[in-house]
> 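Got a structure for you, questions after.
Predicted model only: the values in this text are computed from it and were never measured. Residue numbers begin at 1 in each chain, while the letters A, B, ... track the order of the sequences.
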Protein chains: 2
Amino acid sequence: MRGRLRAAALELYAERGYDRTTTAEVAALAGVTERTYFRHFPDKREVVFDGEAALQASMTAAVAGAPELSLLGVLRHAFSSLASHGEDERDAQAHQHRVITATPELRERAAAKTVHLTEAVTDALERRGTPRHLGSLAAACGIEVLSRARREWLDGSSRSFAALLSDAFDDLDLLVRGGAQDALPPAQGVEQPLHRH
Amino acid sequence: MRGRLRAAALELYAERGYDRTTTAEVAALAGVTERTYFRHFPDKREVVFDGEAALQASMTAAVAGAPELSLLGVLRHAFSSLASHGEDERDAQAHQHRVITATPELRERAAAKTVHLTEAVTDALERRGTPRHLGSLAAACGIEVLSRARREWLDGSSRSFAALLSDAFDDLDLLVRGGAQDALPPAQGVEQPLHRH
DNA sequence: GTCTATACTGAGATAGAC
DNA sequence: GTCTATCTCAGTATAGAC
């Protein structure tokens, strides 16, 4: 039922727009009443994100199970182990992503989800012994790396998600290792491996 | 008027709770009608964040005006130049922060604001010549550093905001420079300057 | 400033699974 | 019988249209 409601919502939000769609219409398309919709989802936005709790669970599990590495190494390892997406999944996720980016209310909810995910990763790192004041920074960096890779992947990159993720982590390493100088003009003799694409 | 509405909202949201407060009550306490409230703010949440656009503007201006440094150096310099807060401001901001953290709806809006701020910083970096795929990572890291410092500051730390901010940036440097090893057990001979507090 | 659509909530009734 | 899912009905408050 949740799946039916989610499919109905994505369809209507996409073709008619989020704010020109009522919850009653979503429910009707799924074959239930509005009240039933609200038994399954707390509000009009949450349908679109159904199933993301599972993603968060597997992510924290991957962090917990990663071998001993540097802090960012743990995240790189954990996120890479989840990067086995197929092309069919990509189409569905790209559709979801289009609906979300087209709708301020859904973007807001997505931002909240990202914060929540970051806190979950911070907690998972803490359980491995990483102090919070470092873990929160690592988690925020790691999640942004993941977001960027996902953005590029959904954008239609010809490269695999795993490759995009690895590149993004490499850029993060660059960032603090001192390689990423500011531009204009090219800094003091240091080569700038900034542009890869 | 916006200030009166904001003060009224923060007072009622704090003492009675956000969802037990109606916009009509907020308006009444500020001495206007509900309609007038919605002339100044687009929804029930936005009052709490009145004035944050100015913060974003001064932040992007500081990024634009920072000297040539490493990527994170630019953000460190820019954010530090804004770190002149007094104790009176701290009390007011701590009160706002308490109301926000107590209310899911307001936390969600805050998350959206953070995303927006991060994008603004990314844009400001791009105008300096930083390619987006690096700038977005740097901005996300920098904003998280800023958030952590602010959190500690509002939490009642005896140290100055500038000092907390500097420490947080130092931790970020540690993160990728290889200093931040995972814990349990202590890694191969490398000293671990993890715990400072 | 008035009016209305609609997101959301609560209580109670019904129906089917077990 | 209990438990769970759904529907019906009656509201309130936000937000937007006029």
> B/Arg39 CZ to C/dT2 P: how many Å, rounded?
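Between P of C/dT2 and CZ of B/Arg39: 15 Å.
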> Let me know which of A/Glu46, A/Glu52, A/Glu119 forms a salt bridge (Lys or Arg N to Asp or Glu O under 4.0 Å) with A/Lys113.
A/Glu46
> Report the distance from atom CG of B/Asp43 to atom C1' of D/dG16, rounded to the nearest whole Å.
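Spelled out: CG on B/Asp43 to C1' on D/dG16 is 12 Å.
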> Output the rounded distance in Å from CG (B/Asp19) to C1' (C/dG10).
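Going from CG in B/Asp19 over to C1' in C/dG10 covers 15 Å.
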> Ignoring the backbone of B/Arg35, work out which of D/dC18, D/dT6, D/dT14 is nearest its side chain.
D/dC18
> Please say whether the positively charged group of B/Lys44, taken as NZ for Lys or CZ for Arg, lies over the ring of B/Phe38, i.e. under 6.0 angstrom from the six-membered ring centre and within 45 degrees of the axis.
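No - B/Lys44 does not lie over the ring of B/Phe38 by the 6.0 Å and 45° rule.
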> Would you work out how much the helix from C/dG1-D/dC18 to C/dC18-D/dG1 bends between its ends, with each end axis defined by five base pairs, to 10 degrees?
10°
> Nearest-Å distance, CZ (A/Arg45) to C1' (C/dC8)?
12 Å
> Looking at A/Val74 and A/Leu125, what are the two nearest heavy atoms and their distance?
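Where A/Val74 meets A/Leu125 most closely, the heavy atoms are CG1-CD2, 4.2 Å.
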> At 4.0 Å (heavy atoms only), tell me whether B/Thr21 reaches a base, stays on the sugar-phosphate, or touches nothing.
sugar-phosphate
> To the side chain of B/Phe38, which of C/dA7, D/dT8, D/dA15 is closest?
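It is D/dA15.
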> Within 45 degrees of the ring normal and closer than 6.0 Å to the centroid, is that where the cationic atom of A/Arg2 sits relative to A/Phe41?
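Yes, A/Arg2 lies over the aromatic ring of A/Phe41.
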> From the set D/dT6, C/dA7, D/dT14, return the single nucleotide nearest to any side-chain atom of B/Thr23.
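When the side chain of B/Thr23 is considered, D/dT14 is the closest of D/dT6, C/dA7, D/dT14.
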> Side-chain donor-acceptor pair under 3.5 Å between A/Glu34 and A/Thr23, yes or no?
yes
> Near A/His40 NE2, under 6.0 Å, is it more than 12 heavy atoms from other residues, nucleotides or ligands?
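Counting neighbours around NE2 of A/His40, more than 12 heavy atoms of other residues, nucleotides or ligands fall under 6.0 Å, so yes.
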> From C/dA7, C/dG1, D/dT8, pick the nucleotide closest to the side chain of B/Thr33?
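The answer is C/dG1, which lies nearest to the side chain.
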